[in-house]
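The next block holds one structure in the form of structure tokens; read it before the comments.
The first residue in the sequence is number 1, and the count goes up from there. What you see is a predicted model, and the numbers here were worked out from it, not measured in a lab.
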Amino acid sequence: MGNRDREWDFHLRSLSNSARDSGLANDSASDPSLLQSVKKLFELCKAENSEDLVARVYPNINKLFQRAVASLSQQSRTSIGLLLLAILQFYLDFGEVVLHDADPSLRAFFRSCLSREFSDPVVAEATLDFLNMNKKKLLTSFPTLLPQFFPLLLKLIAWNGERLEKSFLKVFPGLMSPGSFLPLFPSLVDLPILVVALEKVERSSGSLIGSSIASIQKSAAPEMLLALMDEAYTGSTIGDGGADSESEDINTIDVADPLFLDLLKDENDGIAERHWTSPGMATALQAAINTPQSERLKQILKMAPRILDVYIAITLRDVNNSLICALISLLMSRHATIFPDKRFSYEVHKRLLEFMLATFHRSPDFIALLKKPIMDRLGEAYDSPAKTELALQLCWAIGEHGGGGDSHKDAARELFESLELLLYENLSSSRLGIRQESALSSDSETSRKSSQSRLLCFVVTAIAKLATHHRELLPRARVSLGKVAGSRISDVRVWRRARDYLGLMNEPAICLSVLGPSRPSCGYAQKPGTVNWSEGGTKLIAHIPFYILREQEGPPFHDFSFSNILPRR
């Protein structure tokens with residue numbers, strides 16, 4: 001082992017000299033041979049499988065780690081991420097031999113080093129490789145580490161883009177835990193805003209490599225923070241326009257506004273209320289729309305929906321109903337506040353609505369448990385197109401799942417009343433143009449009426465289906481649908497649908513099969529669109545409602561078969 005002994009002694013002396021040389025230790029990465037020495041010693045310990053060798057090298061490596069971390073507090077601009085990762089690998093592999101708890105060292109790396117070097121592409125890639133290589137050990141021995149620092153890892157992927165997407169998605173499941181599950185959702189939806197904020201901070205303060213945003217957040221100089229916040233929100237600095245600028249009051253953001261700091265935080269501290277309606281945020285979003293998108297922003301707009309796919313898949317597979325129920329409430333509150341890129345909004349909204357409907361299908365009682373936020377969303381149906389679409393899908397879910405099922409009659413009644421209110425408000429001419437600008441172009445007016453008619457069709461259907469499931473609501477449903485059928489409001493589809501449902505309600509054997517729930521909870525399972533003819537002795541089935549033959553009204557003037565009405569199995 002002559003050559004190996006000489007190599008061992010050489011690298012061990014290199015680390016020992018570094019530990020003794022206080023000047024060198026203050027900037028540990030200034031000597032590139034240190035990283036090579038740490039890696040070589042690690043390889044030798046692995047190859048020899050000797051606890052004695054590990055015990056000999058550990059003190060020097062540990063001193064090097066502590067001094068390297070301490071040097072970061074002196075605002076060193078030299079990257080030491082690769083060196084610390086190599087030492088952390090030593091800790092994870094040989095920690096049991098030398099009785100070293102790697103948890104404080106891992107947290108020190110995230111807080112002191114990665115918070116300054118996440119924008120360094122080399123360090124970012126090496127960090128993800130390290131996390132993937134040690135994923136099993138990290139999840140079993142340090143299960144709270146990645147969930148605690150998920151905001152920092154999101155900054156890493158937001159800044160480095162698609163090049164690291166595959167590696168990040170392998171790490172991503174480790175970011176999810178009971179404590180990070182809910183806060184993670186708005187952070188994923190807001191990844192484009194995070195990129196905008198990071199880019200504006202870079203324009204204000206220079207390269208992000210070597211400068212900790214966390215230290216900026218904790219700076220004792222509020223004017224510095226205010227300048228960064230103003231730049232992030234408005235795209236202009238404090239000096240823009242001069243002190244007498246008319247826009248100064250508009251562009252100045254209160255230093256107490258938590259949105260900017262929350263976006264750029266490194267650690268998970270729970271769900272923070274994000275003030276999307278604030279003038280500063282509206283200005284920032286408008287600026288993002290009106291300026292050309294950076295390559296980094298373009299990449300995250302494509303990546304975020306794919307990351308959200310992984311989040312949703314894990315949620316449906318592993319997360320308990322209590323957290324999912326809370327997530328749906330959060331989803332409904334955030335549905336209308338998405339980064340205003342048309343393609344991105346479409347992709348995110350599509351995924352959120354599909355997820356919500358999938359959870360309602362799996363657990364219909366969620367509809368009853370979430371009746372208050374659902375009713376709130378129905379009340380906001382005409383505030384924006386996104387809220388209209390959400391209300392439409394909620395109407396479908398209420399009707400399809402009977403307002404939560406047979407065991408939730410009180411909740412079903414309250415939901416029915418909300419649907420009634422929405423319907424009656426729209427029968428009033430004063431409601432037709434509410435929250436809309438008085439001067440609309442013909443195209444806008446046509447689009448608005450079409451959207452309103454589409455929603456009303458879903459409301460009418462939900463009322464009919466809810467009353468079919470809960471028979472005690474039938475009298476009220478007949479009154480509601482009768483008013484719609486006789487109102488002749490703008491779109492013929494609405495009152496015609498109401499009239500057809502009124503006719504179906506007079507045919508119990510067919511009404512339950514057409515409008516009944518797809519998963520009845522009352523002891524029988526009948527597919528929608530089929531008739532249980534074996535019940536002919538107790539239910540009236542002889543009179544076929546010919547109004548469901550679309551344009552045919554009254555007695556038929558031609559021969560027909562039941563296949564015209566009922567689908568083939």
Atom of Phe360, atom of Leu370 and distance for their closest heavy-atom approach: CE2-CD1, 4.2 Å

Scanning both residues in full, the closest heavy-atom pair of Leu139 with Gly174 reads CD2-CA, 3.7 Å

For residues 303-316, which residue pairs pass the salt bridge (Lys or Arg N to Asp or Glu O under 4.0 Å) check, not counting sequence neighbours? Glu162-Arg306, Glu165-Arg306, Asp309-Arg351

Inter-residue atom distance Glu380.CD - Asp383.CG, 0.5 Å rounding: 5.5 Å

Carefully, step by step, assess Tyr501 and Cys511 under the rule side-chain contact (heavy atoms from CB on, under 4.5 Å). CA-CA 8 Å; Tyr501 290 150; Cys511 184; over 6 Å; no

Determine all donor-acceptor pairs shorter than 3.5 Å in which one atom belongs to a side chain in residues 312-331; sequence neighbours excluded.
unit_1: Thr315; atom_1: OG1; unit_2: Tyr311; atom_2: O; d: 2.7
unit_1: Asn320; atom_1: OD1; unit_2: Ser322; atom_2: N; d: 3.1
unit_1: Asn320; atom_1: OD1; unit_2: Leu323; atom_2: N; d: 2.9

In plain terms, say whether Glu347 and Lys302 are close enough for a salt bridge, that is, a side-chain N and a carboxylate O under 4.0 Å apart. no

If we ignore angles and hydrogens, is there a donor and acceptor under 3.5 Å between the side chains of His469 and Asp406? yes

Do you see a donor-acceptor pair shorter than 3.5 Å between the side chains of Arg497 and Thr461? yes

For the atom pair CD (Glu425) and CG (Leu378), what is the distance rounded to the nearest 0.5 Å? 10.5 Å

Student check: side-chain heavy atoms of Leu263 and Leu198 closer than 4.5 Å: no

I'd like to check Met375 versus Leu415 (side-chain heavy atoms, cut-off strictly below 4.5 Å). Are they in contact? yes

Of all heavy-atom pairs between Val348 and Pro305, which one has the smallest distance, and what is that distance? CG2-CG, 4.5 Å

Holding to side chain to side chain donor-acceptor pair (under 3.5 Å), I want the full list of residues that pass it with Gln148, two or more places apart in sequence or in another chain. Arg107, Glu267

Is there side-chain contact between Glu420 and Leu423, with at least one heavy-atom pair below 4.5 Å? no

Could you walk me through whether Leu394 and Met356 pass side-chain contact (heavy atoms from CB on, under 4.5 Å), step by step? CA-CA 9 Å; Leu394 289 172; Met356 182 182 71; 3.8 Å; yes

Could you go through Met505 and Leu481, starting from their C-alpha distance and side-chain angles, then the distance that decides it, and tell me whether this counts as side-chain contact (heavy atoms from CB on, under 4.5 Å)? CA-CA 11 Å; Met505 288 179 182; Leu481 298 181; 3.5 Å; yes

I'd like to know if the side chain of Arg334 pairs up with that of Thr337 as donor and acceptor (distance under 3.5 Å, no hydrogens or angles considered). yes

Using 0.5 Å steps for rounding, measure from the CG atom of Leu152 to the CD1 atom of Ile157. 12.5 Å

Over all atoms of both residues, closest heavy-atom pair of Gly404 and His408: O-CD2, 3.2 Å

Could you state the interatomic distance from CG (Leu131) to CZ (Phe168), rounded to the nearest 0.5 Å? 10.0 Å

Report yes if some heavy atom in the side chain of Ile398 is under 4.5 Å from a heavy atom in the side chain of Phe416; otherwise report no. no

Close side-chain approach of Met176 and Phe172, heavy atoms under 4.5 Å: yes

Do Arg296 side-chain atoms and Trp159 backbone N/O form a donor-acceptor pair below 3.5 Å? yes

As an exercise, state the distance from CG of Leu419 to CD of Glu417, rounded to the nearest 0.5 Å. 10.0 Å

List the steps and the verdict of side-chain contact (heavy atoms from CB on, under 4.5 Å) for Val492 and Trp495. CA-CA 6 Å; Val492 67; Trp495 59 260; 2.9 Å; yes

Treating Lys135 as the side-chain partner and Lys170 as the backbone partner, does any N or O pair qualify as donor plus acceptor under 3.5 Å? yes

Looking at Lys350, I want to see if its NZ is surrounded by more than 12 non-hydrogen atoms of other residues, nucleotides or ligands under 6.0 Å. no

I need the single residue from Leu297, Asp190, Leu301 that forms a side-chain contact (heavy atoms from CB on, under 4.5 Å) with Val195. Which is it? Leu297

Pair Phe149 + Phe110: ring centers closer than 6.0 Å: yes

Val459 versus Leu392: any side-chain heavy-atom pair under 4.5 Å? no

Smallest separation among heavy atoms of Leu264 and Lys155, with atom names: O-NZ, 3.0 Å

Nearest non-hydrogen partners of Ser177 and Pro147, listed with the distance: OG-CB, 3.3 Å

Enter the distance from Asp376:CG to Met332:CE here, rounded to the nearest 0.5 Å. 8.5 Å

Can you tell if the side chain of Asn506 reaches within under 4.5 Å of the side chain of Arg478, non-hydrogen atoms only? yes

Main-chain N/O of Ser345 paired with His349 side-chain donor or acceptor, under 3.5 Å: yes

Could you tell me whether the side chain of Thr388 and the main chain of Ala381 form a donor-acceptor pair under 3.5 Å? yes

Between the main-chain N or O of Leu175 and the side-chain N or O of Ser180, is there a donor-acceptor pair closer than 3.5 Å? yes

Does the Lys NZ or Arg CZ of Lys387 fall within the cation-pi geometry relative to Tyr382 - under 6.0 Å from the ring centre and within 45° of the axis? no

Would the distance check show the side chain of Asn132 and the main-chain N or O of Ser167 forming a donor-acceptor pair, the cut-off being under 3.5 Å? yes

Got Lys371 and Ile374 here, is their nearest side-chain heavy-atom distance under 4.5 Å? no

Any sub-3.5 Å donor-acceptor pair from Asn160's side-chain atoms to Phe118's backbone N or O? yes

Could you tell me whether Lys409 and Glu414 have a side-chain N and a carboxylate O separated by less than 4.0 Å? no

